[in-house]
Amino acid sequence: MSDLEKKQTGLQKVSSFLNSESVKSKFSEILGSKAQGFISSVLAVCSQNDLLKNATTESIYSASLMAATLDLPINSNLGFAYIVPYRDNKSGIVSAQF
């Protein structure tokens, strides 16, 4: 983990991760020209939910990839797919699931 990643919290961390070249290229591979809009919708959903802001980036990525693979939009208003945060009571780690 770089020094920048250690200093980032919440939405900044999620945004940096989702906008990294490797992640963007994976979504482009799956969604083509719709990739950037999909990433933006995932960020919008995360910005509206305090638990998702603090979920592990890997779990958000996994849930997002599942929706992308199924070509389902992540938008609470549409109701096709959701990323749901949950906290492990033993470890306290917040994860996201599709």
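Given the structure is predicted, the values throughout are model-derived calculations rather than measurements.
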Same hydrophobic cluster for L65 and V45, using side-chain heavy-atom links shorter than 4.5 Å among ILVMFWY?
yes
Could I get the full list of side chain to side chain donor-acceptor pair (under 3.5 Å) partners for K34, not counting sequence neighbours?
D71
When every non-hydrogen atom of A68 is compared with those of L31, the smallest separation belongs to O-CD2, 3.6 Å
Taking C-beta and beyond as the side chain, do T56 and Y61 meet within less than 4.5 Å on heavy atoms?
no
Enumerate the residue pairs fulfilling salt bridge (Lys or Arg N to Asp or Glu O under 4.0 Å) with a member in residues 38-47, sequence neighbours excluded, ordered by first and then second residue.
none
Nearest-0.5 Å distance, CG of residue L72 to OG of residue S64
12.0 Å
Applying a strict under-4.5 Å side-chain criterion to I, L, V, M, F, W and Y, I'd like to know whether L78 and L52 cluster together.
no
Among residues at least two apart in sequence or on other chains, which ones pass side chain to side chain donor-acceptor pair (under 3.5 Å) with N19?
S15
For A63, check side chain to side chain contact (heavy atoms under 4.5 Å, CB included) against everything at least two apart and list the hits.
I83, F98
Under the salt bridge (Lys or Arg N to Asp or Glu O under 4.0 Å) definition, can you give me all pairs with a residue in residues 17-29, not counting sequence neighbours?
E21-K24, K26-E29
Rounded to the nearest 0.5 Å, the CG atom of L18 sits from the CZ atom of F27 at a distance of 6.0 Å
In chain order, what residues pass the side chain to side chain donor-acceptor pair (under 3.5 Å) check against S20, with sequence neighbours excluded?
none
Strictly by salt bridge (Lys or Arg N to Asp or Glu O under 4.0 Å), give each pair with a member in residues 37-49 just once, sequence neighbours left out.
none
Can you list every side chain to side chain donor-acceptor pair (under 3.5 Å) pair that touches residues 89-98, not counting sequence neighbours?
none
Using every non-hydrogen atom in the two residues, find where A81 and A67 come nearest and quote the distance to one decimal.
CB-CB, 4.4 Å
Using side-chain heavy atoms (C-beta onward) and a distance below 4.5 Å, is I74 in contact with F38?
yes
Through direct or indirect side-chain contacts below 4.5 angstrom among Ile, Leu, Val, Met, Phe, Trp and Tyr, which residues connect to L51?
V94
With a 4.5 Å heavy-atom cut-off, do L11 and S47 have their side chains touching?
yes
For V84, the hydrophobic cluster (side chain heavy atoms closer than 4.5 Å, chained through members) also holds Y82
For D50, check side chain to side chain donor-acceptor pair (under 3.5 Å) against everything at least two apart and list the hits.
K53
